[in-house]
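The first residue in the sequence is number 1, and the count goes up from there.
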Amino acid sequence: MQRFKTRPLIRFLRAALISSAGTRSSAARSQRSAILPLSASALLLGATVCSAQTLDLGTATITAASIASETQLASVTGATATPVPAFSAYATGLPAATDGAAPKTATAPASVSAPTTTPAIAASANKAAVTSAGTTTTASPPTEALASAGAARKDSPLLGVVAEIPQELPPTDLWDRIRAGYGMPELDDPLVAKWEKFYSERPEYMARIVDRSSKYLFYIVTELERRGMPLEIALLPMIESAFNPVAYSSAKAAGIWQFIPSTGVNYGMKQDWWADSRRDIVTATNGALDYLGKLHGMFGDWQLALASYNWGEGSVARAVTKSKTRGKDGSYLALDMPAETRNYLPKLQAVKNIIRNPAAYGLTIAGVPNEPYFKTITLAHPIDLKRAAQLADMNESEFVALNPAHNRPVIGGRNEYQVLLPADRADTFLARLEVNDTPRVSWMAYRTRVGDRIETLAQRFGTTAGALKSVNGIRAVAPTLPAGYNLLVPSDGPSDEALGSIQNAVFTKFPEYVAPRSHKVRRGDTFAGIAKRYGVAPATLASWNRMSKHTVRAGQVLYVSGPAPTRQSVRKGGRVVQVKQGGRAGVRATPVKGKRVAATSGKRVNKRRR
């Protein structure tokens, strides 16, 4: 029988045990407890081959047979009798020896978290130790070092034993995850009850909000957890925009997080002719959480941070200072705020309470799966928005709900293009996109020329004037379009020429037409006063009205919103009334049959008798 060379190992273990016996510090005891399982494992490796060999460490005599019988492991898979390998084989990953005694079997309870008995190496002197298999072995009297090592070993797991620690499964409903992550202090304010009543009396409105939010909440909650922020912030878009991705306020705030243009630019949201990233779900969410994190860092208080998100950090900082100078604590409820900010946090607290316990308010909140709703796909070339929706088996409204940032029917204007698709349709989209190598753009660029009219262009490209204005973001246009601007117009079909025209064109906001406004000069009016009244520089006002001097007279008509129309004329009998410099009306006589009429220069004509 082959024997292992155990003498070098014995010398090492003897030195370790003796040095441990002379040390009483907790660090040494913990170190010693970590060495003992390795020692036993190494010895048992030899014991499985040399079952009758006795190893003398100088401090205790351990028989391989006794150790093998002491170290049976209980099965954690059920109550059936399962063969358990010797500790040496289990710990080292080597197969158990088949020569010698057959491995013992143990019957374990249905759930076993840790062995309930102490190995024989830790048994008290001259006493029997009972293993988990129920067998009894006797150990030689150990020294003080081994006794203390056994005591330290009781609470530590066996080396190499992989135990399944039961873990709590994540919630299947995202609302449960949000409720568990509430971290802001409760707001005690009478206005909370007012808004609880408001939302609870509008179940259809709440149902629409929840339905919209289901597409975005998982991403928002995940980002909040990653940043260590309270999860009720995920409910903030309910207050800001009702989770409407194309919401646009009178203050020009856009998207579910309602960023105004300047703040959006500060947080990386590009806004141009092609797209407005304030409406982009991922970009706007990241920007909003970055902004809120900055505000919390400024004030150290989430309520003040949220008030700043609504009112502005400068306004809140001044209100806090003013509150403290009056002897108050400068908290949210102690501030003098505008009505909108005063109701901002009570609204959020009301929604938070309703989500916590909808039944208490007579509402039923639809569940939201606790799993990603969308995936992000990066495209290398422009594509029709409608075509992208078709490739993903989506209608246009569903596609826009996930990709609301695009202003045009073509996803373009960038070096690369990111679209969000439902997680279960992303693979289908990519597969179809790969096999579809035809051009994916059915729009082209057209540069306006002198004399172009919107109705004429619409007829030329087979569309309507309303559709052409909508596609290009034009609200009002002059009878004739200004020359040199690019318009997006339909092409005959998807083609490389159409794609090339779009990629090579520079699209800018089309100038809006404003009908000229006029002002009739009254007694006491001055030229400078009129210019100031309409917010126009005097030089500009003079240029619009083609005036060389800044003087006016009562009854004179000035154009105050743009250049005066060019020589609009009305024929009345034999006279033509024209707009002259300074808005003065002149009369030019036209030939009348049988009479000679002298031309006038805009001054009153004095008839002379001949």
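Taken from CZ in Arg387 to CD in Gln390, the straight-line distance is 5.5 Å, to the nearest 0.5 Å. With rounding to the nearest 0.5 Å, the separation of CD1 in Ile502 from CD in Glu497 is 12.0 Å. Between atom CG of residue Asn310 and atom CG of residue Leu345 there is a gap of 9.0 Å, rounded to the nearest 0.5 Å. Note that the CG atom of Leu385 and the CG atom of Asn407 stand 11.0 Å from one another [nearest 0.5 Å].
When all heavy atoms of Phe243 and Ala234 are compared, the pair lying nearest together is CZ-O, 3.5 Å. The minimum heavy-atom distance linking Trp175 with Val368 is given by the pair NE1-CG2, 3.5 Å. Of all the heavy atoms in Pro382 and Gln503, the pair that sits closest is CD-NE2, 3.6 Å. In this structure, Val557 and Asn545 approach most closely via the heavy-atom pair O-OD1, 4.2 Å. Across every non-hydrogen atom of Leu335 and Gly330, the tightest pair is CD2-O, 3.9 Å. Closest of all the heavy-atom pairs between Met337 and Trp311 is CG-CZ3, 3.8 Å.
The closest side-chain heavy-atom distance from Pro494 to Val441 is not below 4.5 Å. With contacts defined as side-chain heavy-atom distances shorter than 4.5 Å, the pair Leu292/Ile233 qualifies. Annotation: side chain of Met394 is in contact with side chain of Leu421 (closest heavy-atom distance under 4.5 Å). Lys252 has its side chain out of reach of Ile260: every pair of non-hydrogen atoms, C-beta onward, lies at least 4.5 Å apart. Looking only at side-chain heavy atoms (C-beta outward), Val400 and Pro245 stay at 4.5 Å or farther from each other. You'll find the side chain of Pro482 reaches within 4.5 Å of the side chain of Tyr485, heavy atoms only.
For Thr448 (side chain) and Gly484 (main-chain N/O), a donor-acceptor pair under 3.5 Å exists by modelled atom type. No side-chain donor-acceptor contact under 3.5 Å links Asn486 to the backbone of Ala445. Between the side chain of Tyr248 and the main chain of Gly255, no donor-acceptor pair closer than 3.5 Å is present. Checking side-chain atoms of Glu396 against main-chain N and O of Lys386 turns up no donor-acceptor pair under 3.5 Å. Judged by distance alone, with hydrogens and angles left aside, the side-chain atoms of Ser470 form no donor-acceptor pair with the main-chain N or O of Ala467 at under 3.5 Å. Between the side chain of Gln556 and the backbone N or O of Arg553 there is at least one donor-acceptor pair closer than 3.5 Å. Looking only at distances, no side-chain donor or acceptor of Gln418 sits under 3.5 Å from a matching main-chain atom of Leu379.
Ion pairing between Asp393 and Arg432 holds under the 4.0 Å rule for side-chain N and carboxylate O. Look at Glu398 and Lys215 and you find no salt bridge, because none of the NZ, NE, NH1 or NH2 atoms lies under 4.0 Å from a carboxylate O. In summary, Arg227 and Asp290 engage in a salt bridge, as defined by a charged side-chain N under 4.0 Å from a carboxylate O. In this structure, Arg278 pairs ionically with Asp276, as a charged nitrogen and a carboxylate oxygen lie closer than 4.0 Å. Taking the charged nitrogens against the carboxylate oxygens, Arg179 and Asp176 do have a contact shorter than 4.0 Å, which makes a salt bridge.
When each of Ile474, Val471, Asp452 is tested with Leu487 by the rule side chain to side chain contact (heavy atoms under 4.5 Å, CB included), just one qualifies, namely Ile474.
Side chains of Trp195 and Asn343: a donor on one and an acceptor on the other come within 3.5 Å. Side-chain contact, Asn472 with Tyr446: no donor N or O sits under 3.5 Å from an acceptor N or O. With 3.5 Å as the limit, one finds no donor-acceptor pair spanning the side chains of Asp280 and Ser277.
Enclosure of atom CZ in Arg449 is not indicated, since only 12 or fewer non-hydrogen atoms of other residues, nucleotides or ligands lie within 6.0 angstrom. Within 6.0 Å of CD on Glu455 lie more than 12 heavy atoms contributed by other residues, nucleotides or ligands. Other residues, nucleotides and ligands place no more than 12 heavy atoms under 6.0 Å from the NE2 atom of His381. Within 6.0 Å of atom CG in Asn436, more than 12 heavy atoms from other residues, nucleotides or ligands are found, so the atom counts as buried in its surroundings.
For Arg177 and Phe218, the positive end sits near the middle of the six-membered ring, less than 6.0 Å away and at most 45° from its axis. In this structure, Arg408 is not positioned above the aromatic face of Trp274 in the sense of NZ or CZ being under 6.0 Å from the six-membered ring centre and within 45° of the axis.
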Next item on the list: Starting from the C-alpha separation in whole Å, work towards a yes-or-no answer on side-chain hydrogen bond (donor to acceptor under 3.5 Å, both in side chains) for Asp424 and Tyr373.
Entry: CA-CA 8 Å; Asp424 58 349; Tyr373 184 87; over 6 Å; no
Next item on the list: Given side-chain hydrogen bond (donor to acceptor under 3.5 Å, both in side chains), test Tyr344 with Glu240 step by step and report yes or no.
Entry: CA-CA 9 Å; Tyr344 191 64; Glu240 287 285 349; 2.4 Å; yes
Next item on the list: Evaluate the side-chain hydrogen bond (donor to acceptor under 3.5 Å, both in side chains) criterion for residues Thr172 and Asn370: first the C-alpha distance (whole Å), next the side-chain angles of each, then the deciding distance (0.1 Å), finally the verdict.
Entry: CA-CA 5 Å; Thr172 58; Asn370 187 19; over 6 Å; no
Next item on the list: Kindly determine whether Asp272 and Arg414 satisfy salt bridge (charged side-chain N to carboxylate O under 4.0 Å, His left out), including the steps that lead there.
Entry: CA-CA 11 Å; Asp272 59 15; Arg414 302 286 191 272; 2.8 Å; yes
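Partners of Asn244 according to the side chain to side chain donor-acceptor pair (under 3.5 Å) rule, which considers only residues two or more places apart in sequence or in another chain, do not exist here.
Counting only residues at least two apart or in different chains, side chain to side chain donor-acceptor pair (under 3.5 Å) contacts with residues 253-266 comprise Trp257-Thr285.
Centroid-to-centroid, the aromatic rings of Tyr291 and Tyr309 come within less than 6.0 Å.
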Per-pair distances, 0.1 Å, donor-acceptor, side chain in residues 295-308, under 3.5 Å, sequence neighbours excluded:
from, atom 1, to, atom 2, distance (Å)
His296, NE2, Trp302, NE1, 3.4
Asp301, OD1, Gln303, N, 2.8
Asp301, OD1, Leu304, N, 2.9
Ser308, OG, Leu304, O, 2.8

